[in-house]
Amino acid sequence: MKRITILSGKGGTGKTTLSSNLAVLLSKKNKIVTADCDADAPNLALALGLLEKDFSLWEKVQTNERAVLDEKRCNGCKKCLDVCNFGAIKWDDKKNKPIFNSFLCEGCGSCMLVCPNKAIKLIRISNGKIGIAKTKYDFSIVSGQLKVGTTGSGKIVSLIKEKAELLGKKEKAEIILIDSAAGIGCPVIASIQGSDFIIAITEPTPSGLNDLKRALRTVEHFRIPYGIVINKFDLNKNFSRKIESFTKKYKIPLLGKIPYNKKFVEALVNLKPIVTESEKYKGLFEKIIKRIEISGFT
Ligand code: SF4
Ligand code: SF4
């Protein structure tokens, strides 16, 4: 099984559009499974025409812990107050005891370690859910959602990938296509780990190129081969040329350039990947797949 991950240095660059269209085309020749690892804003299922109710099973996940106080054991020594780096502990003057803010607590356990009276313990909390569904294009998707106001998307991403791997083995998939979280943080690192090829999508703006370079530094750390796609390249042709020069200078495969067209918006609104509606765009995304193959991904 090979793993292709699609990432972008920042949100809103067309990562999910690229993922959904490549998934539909790849599934015509290969058995594939897709994984939406953008647990903060999962949209891949939607782009493939699936609604929440279409998922056969949503499983709650508990990847986070929170500190809770056993008031009877606490003697008000305040030792816990000094060790929290997340500002999650406040002091209740009336009770002379700490108050733990569950939204800010990262479950690091420092307060528990310094408490001389074993008055603090960590409890597991539900911080998201993972579901599996079958698309009408005859491949499965594993998708995760982080609960609003909770953290731990990196751990959820690892769980989504584990489920996709298991499903891939069960369905004898040849390719797992991963729609990564945006940015360069922990969920992105969890998304790209173990990948065989990365497609980095960017847009022709200074921030697009800057964020792309930051994301690529992370990819290079893992020594994973990669290529670049420029989205909406015709909105700023001068800047697109700059990105092309960047790819030439560093010998990075330029996998494709996608133009801006309102048909992409219409496809998203209709919950249909554009390759299912337009031969012209089908050809464009097929070329991207060919270049991925030429770039060493087999
Ligand atoms: S577990 Fe860590 S983050 Fe949570 S309150 Fe204790 S020290 Fe702060
Ligand atoms: S360290 Fe323990 S005993 Fe001291 S204030 Fe905090 S919870 Fe209470």
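Below, all heavy atoms of this structure are taken into account, side chains as well, without hydrogens, waters or symmetry copies. Heads up: numbering here begins at 1 and tracks the sequence. Indexing begins at 1, ligand by ligand and atom by atom, following the structure's order.
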Look at the N, O or S atoms of Cys80, main chain and side chain alike, and state whether any lies under 2.8 Å from atom 6 (Fe) of ligand 2.
-> yes

Nearest protein heavy atom with distance in Å, relative to [atom]:
{"atom": "atom 6 (Fe) of ligand 1", "result": "Cys111 SG, 2.3 Å"}
{"atom": "atom 7 (S) of ligand 2", "result": "Leu69 CD1, 3.5 Å"}
{"atom": "atom 4 (Fe) of ligand 2", "result": "Cys77 SG, 2.3 Å"}
{"atom": "atom 8 (Fe) of ligand 1", "result": "Cys84 SG, 2.4 Å"}
{"atom": "atom 2 (Fe) of ligand 1", "result": "Cys108 SG, 2.3 Å"}

Heavy atom of Trp91 under 4.0 Å from ligand 2?
-> yes

Look at ligand 2 and say whether Ile120 reaches it with a heavy atom at a distance under 4.0 Å.
-> yes

Ligand 2 atoms in contact with [X] (distance to a heavy atom under 4.0 Å):
{"X": "Asn117", "answer": "3 (S)"}
{"X": "Lys78", "answer": "4 (Fe), 5 (S)"}
{"X": "Cys74", "answer": "3 (S), 5 (S), 7 (S), 8 (Fe)"}

Close side-chain approach of [X] to [Y], heavy-atom, < 4.5 Å:
{"X": "Cys84", "Y": "Ser110", "answer": "no"}
{"X": "Leu284", "Y": "Pro259", "answer": "yes"}
{"X": "Phe100", "Y": "Cys105", "answer": "no"}

Which ligand 1 atoms are under 4.0 Å away from a heavy-atom of [X]?
{"X": "Glu106", "value": "3 (S), 4 (Fe)"}
{"X": "Gly109", "value": "1 (S), 2 (Fe)"}
{"X": "Cys105", "value": "1 (S), 3 (S), 4 (Fe), 5 (S)"}
{"X": "Phe86", "value": "3 (S)"}
{"X": "Ile89", "value": "5 (S)"}

Flag yes if Phe285 and Tyr137 sit in one hydrophobic cluster, no otherwise; membership is Ile, Leu, Val, Met, Phe, Trp, Tyr, and two members link when side-chain heavy atoms are under 4.5 Å apart.
-> yes

Cation-pi between Lys257 and Phe233: NZ/CZ under 6.0 Å from ring centre and within 45° of the ring axis?
-> yes

Nearest heavy-atom neighbours spanning Ala215 and Leu7 = CB-CD1, 3.7 Å

Quick one: do Asp54 and Lys134 make a salt bridge, cutoff under 4.0 Å?
-> no

SB check Glu165 Arg3 (cutoff 4.0 Å) = yes

Is the count of non-hydrogen atoms from other residues, nucleotides or ligands lying under 6.0 Å from Lys121 atom NZ greater than 12?
-> no

Quick check, are the ring centers of Phe246 and Tyr250 under 6.0 angstrom apart?
-> yes

